[in-house]
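Working notes for the structure below.
To find a chain, count down the sequence lines: A is the first, B the second, and so on, and within it residues start at 1. We use all heavy atoms of the structure for the numbers below, so side chains are in, but hydrogens, waters and symmetry mates are not.
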Amino acid sequence: MASADELRELLRTEGAAIAANTQGFNDGRNQSVAKLDDYEALKREARATKEDAIEHLPELLSELTATVEENGGTVYVADDSEDANDYICDVVDDRAAERAVKSKSMTSEEIEVNDALEADGVDVVETDLGEWVLQVADEAPSHIVVPAIHKSREGIADLFNTTFDPDEPLETAEELTMFAREKLGEKIVDAEVGITGANFLTADTGTLALVTSEGNARKTIAATDTHVAVAGVEKIVPSVSDLAPFIELIGRSATGQDITSYVSLLTPPVATPVVDFTNDETPLSEFENDRDFHLVLIDNGRLEMREDDHLRETLYCIRCSACSNSCANFQSVGGHGFGGETYSGGIATGWEAGIEGLDTAAEFNDLCTGCSRCVNACPVGIDIPWINTVVRDRINREKAQPADWLVDGLLPDEEDEGAPLQKRFFGNFETVAKLASKTAPLSNWVAGTPLSRWAMQSLLNVDSRRDLPSFKRETFVDWFANRESTVTDPDRRAVVYPDLYTNHVQVNRGKATVNVLEALGVDVVVPPVASSGRAPLSQGMVATATDHAERVAATLDSHLEAGRDVVVIEPSDHAMFQREYEKLLNETAFASLAEHSYEVMEYIYGLLDNGADTAAIPVGDGRELAYHSHCQQRTLSLEAHTVAVLEELGYDVVTSDVECCGMAGSFGYKSDYYEVSMDVGERLQTQLQEIDVQDRQVVASGTSCLEQIDTLLERQPRHPVELLTE
Amino acid sequence: MSQSRSRFETSLDELGVSITVSTETSLPADIDDVITTPAVGVALGEALGLDANPLTETAVAVDPTPAALRQATTGVTAATLAVADYGSLVLTMDDRASELVSLFVDEHVILLRERDLMSGLEATVDAVERRVTESSESAIIATGPSATADMGELILGAHGPKEVHLIVIEEGA
């Protein structure tokens, strides 16, 4: 795992360049996809093509092999990196090549073909400008699409000036680019072998699609007589016409370009003559086209991933980097922190677990907080948080610690085989909260003592710089049990779900919810219900989360049967009901709960929309608010409902647009991630302190967000529903 | 002007690709206006469905040697199709070395028949697929000049052309 020190160092050295670039790409993606007539339909089409292609991969692989060989090329399917490199080195050796020029390819990074060729004495030159900068600097990519994203212009200028000592020192981006163009241009025309990747391969025609912007991949192929294309086996789709949605989505999803400069659709052997660039006698068209083509398809664990029900989706990935750019933690630390041997960002957990193994995935997997902001950004709809959760569960089980017996009797989870102590503490937060409420305020006082904080820090790595939640002696459920309903002739009937935090900590927002709903004519009950399982799920404790889900569904089922709606205050729990329970419950139980549960402000929106009488609700009267929605709430497209309700009631609302507050449940409490959490939080802080926002009352929907904002600002934030009862 | 055509021109404008509207008869003069010498090109008659290669009456050296290509500033080739929605031009990879002439120059001048303008990408990809299936063709969907953001800001002319100029040949005029 990247240590707290390493993450702190990354924040300091690379954080600024990474934040600026990733946020720029993320904004660009949002703007670019908004121009499409039907973005969602394109995504569905792309997803369906990938699902189908991976299902039929063995057949497509045979078809592609036959087609390429019929066209005159050679196909080699390599079991692993060594196998691939041996083959490529043989090809280069047979050609007696002194130099191989390469265009950008993550798969070639994965197999580390450069090292293998260089060991054979071959001069390997990266021609993508970003990759070349890293080759000169001897650094690893920090981003799967824009590999030198962590380097600033000044840093590159220093590097070039020191390494190459040009006559005039280089300074501007233009000068740096033209210098590299010149330098690499000479190397390309002298090379014998060109190595490229492939974004897609089509089985029926043997066509290779390359999505690029610089033109180096085109030159790499056109200027050499031996073309080696390296690609994972998962890149195959049936036919050229399947490529259209991917071409429309990939540039937008990556850097926010509607389309990249060059989409090459090559069906080798390409007809371009192989020329000697020094020849000044023979016209171009009189040179022969005697170019060799080798397609090296890499398995390296992919065919096993295909058999794995949870990792399979990873193979749909088109490596666009939208999951990296939309990830708040990635925006802070980049791929050197949030990445493995080759891949980075949220989907890297799937790739690295499948290709390298759990140990590599374990090094960075905890940086995924499950905030789900990547889910809608992914052009092929991969449930990236779920892959991270499953891999975390596997890591927990593989790395069971000797001290676990200590808590096995104490914590009522289902994780007999594993999960480290810190994860089990946060995963069993319901037990902690129940005990703390029973003994409050004593528990709050004890928890806050220096001795206790020291113990929490050293045993559980709960950061002592964080304020701890203050537990209420009277829970939300207890409060409700001791009062009478004010509704006699209800328009609707609902269960208000007493989530863990509303029940034990933020009891006021529960009370406000009941009062508002009753004022709008809803008959409300607040039964004791198990916590949703969000806490154990986020620690990768899937069995425990499933147990919670089953208990929640069983309790709520009778209420659903009785025609009650389920109203959920905590967005992360609402997201459990809407998204994650699909993985944890049977289809009927999931569908019934998902269909009838609503986020509280979404529910109020619906009541108002259906003509509920708002006479008893205080009006906003132009009061100015700044609203920070919750990450998972936004993924469910439920930010707008809160804003609409507040505006309808007469409030003046501005909204934040950062991807996450940085707290993300337990993440911000963990000592290893405290600085990352605060760095992410600073972006929200900056927005909330802008000149026309700094005096506004802050409202936020999520418990974590409220706690983080409370830390970041002098102003005390509130849940929006609390405004509706004053 | 058709809707596709005006969308196409807007797209090209956003990409910084300048446009000259031409006809079969005025083509040689228009080409000479646009190029910067030394200029090289490929035989274009057949590709554009014209009786003769329009470049023979211009200052463009047709089918140059590799050494002459490397000295050239401008390369002139044809696009087989274009995409109005994106301002994309579909280039071919043929034995006349269109790919080399398009790529190893600072300025790329592209000739397009107006009738080859498609509306959207999907139909264009389908049309490319037909050619791939029939004759194993290769194509480049090229959109604007070559570009990079790897050196700290967006710069045009990374490895390929820094400037792209389009000449649209209108029908029957």
Side-chain angles (χ1 to χ4, degrees), chain A residues 71 127-130 133 146 148 152-154 156 173-174 176-178 180-181 184-185 188-189 204-207 213-216 218-219 222 239-241 243-244 247-248 255 258-268 270-273 275-285 287 289, chain B residues 11 15 40 42-43 62-70 83 85-88 91-104 120-126 128-129 132-133 136-161:
Chain A
N71 290 347
T127 61
D128 173 86
L129 298 192
V133 166
V146 191
S152 64
R153 178 182 57 77
E154 294 82 356
I156 298 168
E174 171 89 24
L176 293 166
T177 303
M178 291 310 139
R181 173 189 170 102
L184 290 169
I188 291 171
V189 296
D204 66 343
T205 57
T207 302
S213 270
E214 294 183 356
N216 59 313
R218 291 174 64 191
K219 280 190 167 176
S239 62
V240 173
S241 60
L243 298 176
I247 296 171
E248 299 217 53
T255 53
D258 297 350
I259 190 169
T260 63
S261 301
Y262 305 122
V263 178
S264 301
L265 301 171
L266 311 171
T267 311
V270 295
T272 306
V275 307
D276 167 5
F277 280 90
T278 59
N279 184 307
D280 64 356
E281 286 170 6
T282 317
L284 294 173
S285 69
F287 285 87
N289 159 31
Chain B
S11 306
L15 295 163
V40 296
V42 299
V62 177
D63 200 10
T65 66
L69 168 65
R70 299 214 64 205
V83 192
D85 286 349
Y86 288 88
S88 307
L91 313 177
T92 56
M93 299 178 81
D94 49 42
D95 55 9
R96 293 166 292 137
S98 289
E99 174 72 348
L100 299 175
V101 171
S102 312
L103 192 58
F104 287 81
L121 190 80
E122 195 178 344
T124 309
V125 171
D126 287 347
V128 170
E129 181 177 45
V132 174
T133 310
S136 290
E137 256 191 32
S138 293
I140 313 279
I141 304 172
T143 310
S146 99
T148 185
D150 282 344
M151 299 294 174
E153 63 185 84
L154 182 72
I155 300 293
L156 299 180
H159 282 276

Item to check | Side-chain heavy-atom pair A:D276, A:F287 within 4.5 angstrom cut-off | outcome: yes

Checklist entry - Partners of A:S261 by side chain to side chain contact (heavy atoms under 4.5 Å, CB included), sequence neighbours excluded? => result A:S213, B:A147

Item to check | Atom group of B:I140 that falls short of 4.5 Å from chain A, counting heavy atoms | outcome: both

Next on the checklist: Is A:T255 close to chain B through its backbone or its side chain, or both, or neither, when contacts mean heavy atoms under 4.5 Å?
Outcome noted: neither

Checklist entry - Which atoms of A:D258 come close to chain B, meaning under 4.5 Å heavy atom to heavy atom: side chain ones, backbone ones, both, or neither? => result both

Checklist entry - So what's closer than 4.5 Å to chain B heavy atoms on A:I156: side chain, backbone, both or neither? => result side chain

Item to check | Qualifying residues under ring-ring contact (aromatic ring centres under 6.0 Å, His included), relative to A:F277, sequence neighbours excluded | outcome: B:F104

Item to check | A:N216 side chain reached by A:L184 side chain, heavy atoms, under 4.5 Å | outcome: no

Checklist entry - Is it the side chain or the backbone of B:P145 that comes within 4.5 Å of chain A heavy atoms, both, or neither? => result backbone

Checklist outcome for this item: Scored by heavy-atom pairs under 4.5 Å with chain B, the best of A:R153, A:K219, A:E281, A:E174 is A:K219

Next on the checklist: Does any backbone or side-chain atom of A:E248 lie under 4.5 Å from a heavy atom of chain B? Answer side chain, backbone, both or neither.
Outcome noted: both

Checklist entry - So what's closer than 4.5 Å to chain A heavy atoms on B:S88: side chain, backbone, both or neither? => result side chain

